[in-house]
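One structure is given here, and the rest of the page talks about it.
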Amino acid sequence: MARTLAELLAEAGYGDVKVATARNGVFVAAKLRAETVLEHGDLIEIVAPRAGG
Amino acid sequence: VNVLMQKSDTPEGRARPLTLYGVEPGSRLLLGTAQYPSPQVLARAVEASGAGIVTVSLRRERPRAQEGQRFLELVRGLGVRVMPNTAGCRTPKEAIATAEMARELFETGWVKLEVIANDDTLQPDLFGLVEAATALAKDGFEVFPYTTEDLSTAERLLAAGCEVLMPWGAPIGTGRGLANPYALRTMRNYFPGVPLIIDAGIGAPSHAAAAMEMGYDGVLLNTAVAKAGDPVRMAAAFRAAIEAGRTAYQAGLIETRDMASPSTPLAGTPFFDLERRK
């Protein structure tokens with residue numbers, strides 16, 4: 001069970017994928033993922049570049 | 001920078017190159033990267049358009065997918081500047097978080113700020129837009145707000161720190177061109193020194209040319225090229241239309257009038273008085 005956002009990304013298979021993250025609608029910078037402790041019910045967004053208009 | 005002081009509606013202003021937050025993009029066409037039949041067609045369309053700026057976005061990534069990395073490499077290969085959008089965001093909070101995620105991934109402080117009010121019209125939520133623009137500008141972003149022709153909103157966006165405004169031509173994806181030319185002309189005249197880019201609703205090169213003839217500084221479009229029968233040829237058509245419209249604006253269009261006025265001189269017209277002598 002992942003304790004931090006960094007652990008969650010590693011466990012879920014995002015190890016070497018370049019993504020950006022948000023927790024409960026608030027941006028979490030890559031450098032802060034290791035110290036971002038998750039709580040039950042947190043909503044995590046994991047996004048990457050795409051085409052756009 | 002006091003953009004209001006840099007009057008553009010003068011011979012000198014009309015000759016000045018477009019500058020967006022201190023950057024000269026080279027082209028007055030900004031192109032979206034979505035909905036092309038293939039990545040190859042997208043790349044060729046961008047090249048044919050001559051665009052110096054393309055819009056991009058963020059979407060959810062699956063584990064191990066690397067879809068984002070592939071797209072990023074494609075875009076980097078185009079040699080153009082990217083402008084991430086906040087498409088689909090409905091609240092300032094969503095838009096701010098999206099802009100922050102985009103800044104980290106695309107390594108730019110530029111953001112095309114969309115806060116959408118309504119699913120059917122995709123019209124901007126102007127209250128949310130001003131709120132998000134204010135927060136993002138304070139955080140160092142260079143905000144390109146997708147807005148309407150509303151002048152008081154425009155004033156507030158400028159006060160928030162926006163140096164560029166992007167009013168809609170028509171609702172996103174409709175291809176209807178300039179739905180409210182009177183209001184767009186008013187906006188152009190009201191903000192003579194602010195870079196104004198028509199964003200959304202463009203369907204045909206003639207729409208883009210009309211915006212440029214009106215004195216708009218640029219046009220941002222996507223669907224009209226991406227969904228064309230031949231996107232690469234359409235990109236070239238838009239490039240030509242935008243250049244033509246800009247050149248016409250620089251040249252100075254004639255005033256329209258209600259009654260006919262002969263273009264061939266009347267003096268010396270043969271048989272001119274014969275009819276009258278009868």
Side-chain angles (χ1 to χ4, degrees), chain A, chain B residues 30-36 39 42 54-76 82-89 91 93-94 96-106 112 114 122 139 146 172-173 199-200 220-226:
Chain A
M1 182 74 180
R3 197 180 60 85
T4 66
L5 182 53
E7 288 172 19
L8 175 76
L9 288 174
E11 283 180 22
Y14 290 96
D16 53 355
V17 184
K18 196 176 175 191
V19 293
T21 51
R23 177 199 187 202
N24 298 326
V26 178
F27 171 61
V28 179
K31 60 177 189 239
L32 296 178
R33 287 175 196 154
E35 58 192 76
T36 301
V37 178
L38 300 180
E39 291 175 25
H40 189 68
D42 276 354
L43 292 172
I44 305 298
E45 286 288 353
I46 302 169
V47 300
R50 288 290 187 280
Chain B
L30 294 78
L31 194 61
T33 56
Q35 308 181 81
Y36 291 81
L42 162 62
V54 298
T55 53
V56 294
S57 76
L58 296 179
R59 286 294 177 260
R60 287 175 174 164
E61 183 78 312
R62 287 169 293 123
R64 290 172 282 273
Q66 302 280 16
E67 203 178 324
Q69 192 57 40
R70 280 197 298 277
F71 178 72
L72 199 56
E73 281 163 18
L74 170 72
V75 169
R76 293 254 157 88
V82 299
M83 187 193 296
N85 69 27
T86 63
C89 291
T91 65
K93 185 181 175 183
E94 289 174 15
I96 291 164
T98 302
E100 290 174 306
M101 292 192 288
R103 180 164 63 178
E104 185 176 88
L105 282 176
F106 291 108
K112 173 184 158 178
E114 294 183 38
L122 295 179
D139 192 22
Y146 166 61
I172 297 170
D199 177 10
L220 198 172
L221 61 119
N222 186 348
T223 311
V225 167

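The chains referred to below are lettered A, B, ... by the order of the sequence lines, with proteins before strands, and numbering in each begins at 1. Atom set for the values below is all heavy atoms of this structure, side chains included, hydrogens, waters and symmetry mates excluded.
- Between chain A and the options Q69(B), K93(B), R70(B), heavy-atom pairs under 4.5 Å are most frequent for K93(B).
- Two residues are said to be in side-chain contact when any heavy atoms from C-beta on lie closer than 4.5 Å; V26(A) and E100(B) fail this criterion.
- Of the listed residues A22(A), G25(A), G15(A), the one with more heavy-atom pairs under 4.5 angstrom with chain B than any other is G25(A).
- Remark: of the listed residues E104(B), M101(B), E61(B), R60(B), E61(B) is the sole one forming a side-chain contact (heavy atoms from CB on, under 4.5 Å) with V19(A).
- With a threshold of 4.5 angstrom between heavy atoms, Q35(B) does not approach chain A through any atom at all.
- Partner of P49(A) under the side-chain contact (heavy atoms from CB on, under 4.5 Å) criterion, out of V82(B), L74(B), L72(B): L72(B) alone.
- Nearest heavy atoms, P63(B) versus A12(A): CB-O, 3.0 Å.
- Atom OH in Y14(A) sits 9.0 Å away from atom CZ in R62(B) (nearest 0.5 Å).
- For chain A, no part of R103(B) is nearby; none of its heavy atoms comes within less than 4.5 Å.
- Among the residues in residues 34-47 of chain A, those with a non-hydrogen atom closer than 4.5 angstrom to a non-hydrogen atom of chain B are E45(A), I46(A), V47(A).
- Here the shortest heavy-atom pairing between A48(A) and L105(B) reads CA-CD1, 3.8 Å.
- When each of A34(B), A65(B), A87(B), G32(B) is checked for heavy-atom pairs under 4.5 Å with chain A, A34(B) comes out on top.
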